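Fair warning: this is a prediction, and the values are worked out from it, not measured in the lab. In what follows, chains are A, B, ... by sequence order, proteins preceding strands, each numbered from 1. The figures that follow rest on heavy atoms only: side chains count, while hydrogens, waters and symmetry mates do not.
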Amino acid sequence: MGMKFRCERDTLVEALSAAGRAVTTRGGALPVLAGVRLELVGDQLTVTGSDLDLTITVVIEVAGGEDGIVVVPSKLVSDVVRSLRPGSVDVAVDDDDVRIVSSPSEFSIRTIPADEFPELSGAEGDAVTLDAGEFRAAIDQVEKAASSDDARPILTGVLMAAEADGLRLVSTDSYRLSVRDLSGTAILSEGQTVLVPSRALKELSRVVGDQDQITLRLGERDAGFEVGGVSITTRLIEGDFPNYRGLIPQNHPNQLTVDRETLLDAVRRVRLLAQESTPVRLAMSDDGLELVAVTQDVGQAHEAVEASYNGTDLTVAFNPEYLIDGIEVAPGDEITLETVDELKPALLKAADDPNFLYLLMPVRVS
Amino acid sequence: MTEVASILHADLDSFYASVEQRDNPRLRNRPVIVGAGVVLAASYEAKAYGVRSAMNGGQARMLCPHAIVVPPRMETYSEASKAVFEVFHDFTPLVEPLSPDEAFLDVSGATKLLGSPAQIAADLRSQVLADVGLAISVGVARTKFLAKVASAQAKPDGMIVVEPDRERAFLHPLPVEVLWGVGPVTSAKLRDHGVETVGDLAASGGAELQGLLGSHAGRHLRALAHNRDPRPVDNSRRDRSMGAQRALGQRVRTREELRTELLGLAEKVAARLRKAERVTRTVTVRYRNADHERESRSRTLVEPSASTQLLTATADDLLLTLVDGPHGPGSRLGRVGCSLIGITFSGLGRADAVQLALRFPEEGRSTERLDGLVDDIRQRWGSKAVARASLIRRSEGIEVLGRPTALDA
């Protein structure tokens, strides 16, 4: 089946690489999944990549010549188009090859039999619209705390749950836990929860751009997101998310309040001397906060940080990366760090925004 | 620099070719070349004809027409390399790998337990031969540089200990080419100026050498010629995992035999873990039957540990799930016997800085909560305080709670 269109290089590169991000990198069971599927109807080109768990579809406008469907090797074709000179690109399929021409370059690349590409249906369920900027900010606040360890699949997801009058996002890799409330966003019925792979949300955050709205559909097994010309469908994770509520201590005798940027800069500096997975220590007293990092045979760093502290003198050690992840995504100019002792989870919050919290387990030093 | 010669440089002899000769008796005592296009390795018998690594295959066959050329088996070499490093780690945690077939070992901290560095070097050589079936040459000296020179001089299949008072006598008669950084160009320059041995170089003036070779190279070579090399053995490229395995031959083993082997390995590696001041987060038990089918089971601990008690108990549990699983003793995997059993600790971290984890009140349908409880109980009351019912029924009699056993030591 032939297929023919002309398109701006940059538009095509963007579509190929966005869809290509869902393409499986490990040699999966279906070789056809190493490809992206291009479908041209009139002037509309639909580019689809999938690893069966995650499917990303991008629709772009092109100058259509002849309708058709083809599957092409994702990485190769994406690299080829990106390498071309700026300007328009002609794409035409004849027999088993796709020809990609942008004078004076001409490529002919073997295609993958299109009939082997699996049928991919989008998520079912009613469409709900969300504020794109707000939802992306919320994703960015929780996705880092999700686990990347496939041995614990449940923790690789972000929990979406109905909470009071809104939506709550929760993630944890068992070392830290992020909770973010979006009030007034009622997309789930009471008591309903879904577990969305953090990988899908990361891709969503990446493609939001300057769009205003995200359309969300929640099905039994899948969730679908649409933003601009991009739609992302992901299989939901099955299983029960840990009961995180009981983990958040209700009583924190010690409270540290500090300027967010100041603390972030200081931890980033001191971290340079926290090598070989040594922690950064936070010594808190009436005098404020002192950060300390010591790496044996390398050296040490100290920094006093202006802060107000209510509580007993306490030194707690944290993995600097985890600490920075939390400080970076906390909203507002001021944050509070609430602690019980040097072994219990610490709670990092925005001083004036109750809709975000970040629970962080310390490092036990001896 | 240490006062005692306690740095070892251990280097496998003609690594790939030796593995081929080990695995195929027909290749022994004959010239063997690994790799057809380019020579990846040559046995000593082939080296005698002038065949060298990285040589073009055609040239090698002209030099040694009766050589047996075999294709490389990288996976086998990698397995052998791992096994050799396991042996290194049995002697000292201070192992600095240089390549898959050579490493520096600092044994200064092991002499009380294992004897003099010379004794350790001899034991290391016989242990590598016994466990892996390969010859390894070892040089022992006060510096890394001299240890490496010594192991090269000791080849094949030998060892040289350079005691501090013998350093000059050993090093100075050697040709300058033994020094790191002396390639063909530098060598020609030096020889043009009458510098042929390390001793000649040591006797040359610093200014003279720097004028000849540039200030950096001049200083570097002069330092080496006087055996000044302050670099310590660096194990900072810390391992992400530690393990041990044992080949068991073809006979079908009983569960108790497997258990004894496995727990012995677990104890050994746990001790190594503590010596390196590390803790492990994940325990994996590996099992391979006589048909080379592999299987493994892993468990992540609630909190990283280096406790022999906890780690052997976890290994014991994992073995149970392995042998009672679909490949248990009644299955084909069980019937054809176990050719290899092994244990790996991964997700290693520092023992003095342990990232704590949140304790989830329950975790879905997984058994992690139970494991956490069992771990807690065992940590407090000993490994026999709780046991899986299946294990109690099948072991010989019920053990008394809390009674100390050899494993609790």
Shortest non-hydrogen contact from A:L247 to B:R359? CD2-O, 2.9 Å
Nearest 0.5 angstrom please: B:F360 CZ to A:L177 CG, how far? 7.0 Å
For the CZ atom of A:R364 and the CG atom of B:D352, what is their distance to the nearest 0.5 Å? 10.5 Å
Flag yes if more than 12 heavy atoms outside B:K144 fall under 6.0 Å of its NZ atom; otherwise flag no. yes
Where A:P345 and B:L358 come nearest, the two heavy atoms and their spacing: CB-CD2, 4.2 Å
If you compare all heavy atoms of A:M361 against all heavy atoms of B:L356, which two are closest, and at what distance to 0.1 Å? CB-O, 3.1 Å
Could you give the distance from CZ (B:R350) to CD (A:Q296), rounded to the nearest 0.5 Å? 7.0 Å
Can you tell me if A:R221 has over 12 outside heavy atoms packed within less than 6.0 Å of its CZ? no
Counting heavy-atom pairs under 4.5 Å to chain B, which of A:D173, A:T172, A:D297 comes out on top? A:T172
Sort A:F318 into side chain, backbone, both or neither according to what part of it lies under 4.5 angstrom from a heavy atom of chain B. neither
Is chain B contacted by the side chain of A:L360, its backbone, both, or neither, given a heavy-atom distance below 4.5 Å? neither
Taking atom OG of A:S277 and atom CZ of B:R278, what is their separation to the nearest 0.5 Å? 6.5 Å
Over 12 foreign heavy atoms within 6.0 Å of CZ, A:R168: yes
